Student: 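Encoded as structure tokens, here's the structure I'll be asking about.
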Amino acid sequence: MKQGFSTRELALVAMGTALIAVCSWLSIPMTVPFTMQTFAICFLVGLLGLRLGMWTVLCYLLLAAVGAPVLAGFKGGLGAMLGPTGGYLVGFLFTAAAVGLGVRRFGRRLPALPLCMALGILLCYAFGTAWFLLVYTKNSGPVSLGTALGWCVLPYLLPDAAKIALASMLVRRLHPILLKNGGAP
């Protein structure tokens with residue numbers, strides 16, 4: 001197991017963290033804001049692999065936790081992370097793990113890459129929706145699973161499918177260039 005990070009790896013993690021933040025700011029307000037974060041996570045983990053991809057997502061979440069305005073709506077802090085949509089933020093770790101483990105196991109081939117991205121986003125939906133139900137019910141009263149799915153999942157299925165397609169295409173195009181220039185595996 002590799003110990004530590006090279007300067008190049010640290011730079012890749014920092015740039016990836018910044019990309020996730022910028023993609024979170026591209027936001028359409030809804031019950032769960034529509035952002036480009038899931039695109040950024042699928043793309044970055046697909047490109048960088050499990051180790052650097054997970055560190056990138058973790059750095060992003062740590063920045064959010066300490067109050068940096070890296071979340072949708074330029075929010076940050078534990079209050080924002082523990083709100084009704086905070087489960088989706090934690091779900092990003094599941095997305096990163098699914099994509100990273102898929103890349104490690106199957107490489108960046110089709111159809112494995114987009115299927116692993118889809119699995120990761122489904123895990124994010126599951127964790128985020130469960131969290132939403134717990135927090136929303138506690139704060140605003142009971143809501144059914146069907147209603148929560150209608151608010152938190154159904155409107156995002158087609159946009160997330162498009163994000164997966166775009167992320168897969170970019171990973172397959174850019175990974176050979178990154179390898180050629182001494183980048184991540």
Side-chain angles (χ1 to χ4, degrees), residues 9-78 80-81 83-100 102-103 108 113-114 116-129 131-132 151-175 177-178 183-184:
E9 290 172 330
L10 287 173
L12 289 169
V13 168
M15 287 187 294
T17 302
L19 179 63
I20 298 171
V22 169
C23 286
S24 78
W25 298 334
L26 302 172
S27 176
I28 298 171
M30 294 175 66
T31 305
V32 174
F34 175 83
T35 69
M36 292 298 288
Q37 288 165 301
T38 50
F39 160 77
I41 291 166
C42 288
F43 167 67
L44 289 165
V45 179
L47 188 64
L48 301 176
L50 179 64
R51 179 174 166 265
L52 293 180
M54 288 294 288
W55 276 108
T56 300
V57 174
L58 186 59
C59 286
Y60 170 74
L61 293 175
L62 289 172
L63 280 173
V66 299
V70 296
L71 301 175
F74 296 94
K75 294 179 183 170
L78 287 176
M81 293 185 74
T85 61
Y88 295 96
L89 298 172
V90 176
F92 292 163
L93 291 170
F94 296 108
T95 302
V99 175
V103 164
R108 292 165 178 87
L113 182 61
C116 291
M117 290 177 180
L119 173 63
I121 289 178
L122 289 175
L123 290 170
C124 185
Y125 286 160
F127 193 84
T129 303
W131 181 291
F132 180 86
W151 289 345
C152 303
V153 176
L154 295 178
Y156 303 91
L157 291 175
L158 287 176
D160 282 344
K163 291 185 233 176
I164 289 168
L166 179 61
S168 297
M169 180 193 71
L170 288 173
V171 166
R172 292 193 36 83
R173 290 281 200 163
L174 296 177
H175 186 260
I177 296 168
L178 189 63

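Treat the numbers as computed from the prediction; the structure is a model and nothing was measured.
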Student: Could you check if a side-chain atom of Leu157 sits within less than 4.5 angstrom of a side-chain atom of Tyr125, using non-hydrogen atoms only?
Tutor: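 They are in contact (side-chain heavy atoms under 4.5 Å apart), so the answer is yes.
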Student: Measure the spacing between OG1 of Thr38 and CD1 of Ile121 and express it to the nearest 0.5 Å.
Tutor: 4.5 Å
Student: Hey, could you give me the CZ/CG distance between Arg108 and Leu174, rounded to the nearest 0.5 Å?
Tutor: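 Separation between the atoms: 11.5 Å.
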Student: Just so I know, are the side chains of Lys75 and Thr85 near enough to count as touching, which here means a heavy-atom distance under 4.5 Å?
Tutor: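 In short, these two side chains do not touch, never coming nearer than 4.5 Å.
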Student: For residues Cys23 and Leu19, determine if any side-chain heavy atom of one lies less than 4.5 Å from a side-chain heavy atom of the other.
Tutor: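 SC-SC contact between Cys23 and Leu19 confirmed.
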Student: Would you say the side chain of Val103 lies within less than 4.5 Å of the side chain of Val45, judging by non-hydrogen atoms?
Tutor: no
Student: I'd like to check Ile20 versus Ile41 (side-chain heavy atoms, cut-off strictly below 4.5 Å). Are they in contact?
Tutor: yes
Student: Is there a side-chain contact between Cys124 and Phe94, using heavy atoms and a 4.5 Å cut-off?
Tutor: no
Student: Find the distance between OG (Ser24) and CG (Leu89) and round it off to the nearest 0.5 Å.
Tutor: 9.0 Å
Student: Over 60° means perpendicular and under 30° means parallel, so classify the ring planes of Phe39 and Phe43, tilted if in between.
Tutor: parallel
Student: How far does CG of Leu10 sit from CG of Leu12, to the nearest 0.5 angstrom?
Tutor: 9.0 Å
Student: Does one side chain, of Tyr88 or Gln37, offer a donor that lies under 3.5 Å from an acceptor on the other?
Tutor: no
Student: Counting C-beta onward and ignoring hydrogens, is there a side-chain heavy-atom pair between Val13 and Thr17 closer than 4.5 Å?
Tutor: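 The answer is yes; the side chains approach within 4.5 Å.
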Student: Decide yes or no for Trp25 and Thr35: does some side-chain heavy atom of the first lie under 4.5 Å from some side-chain heavy atom of the second?
Tutor: no
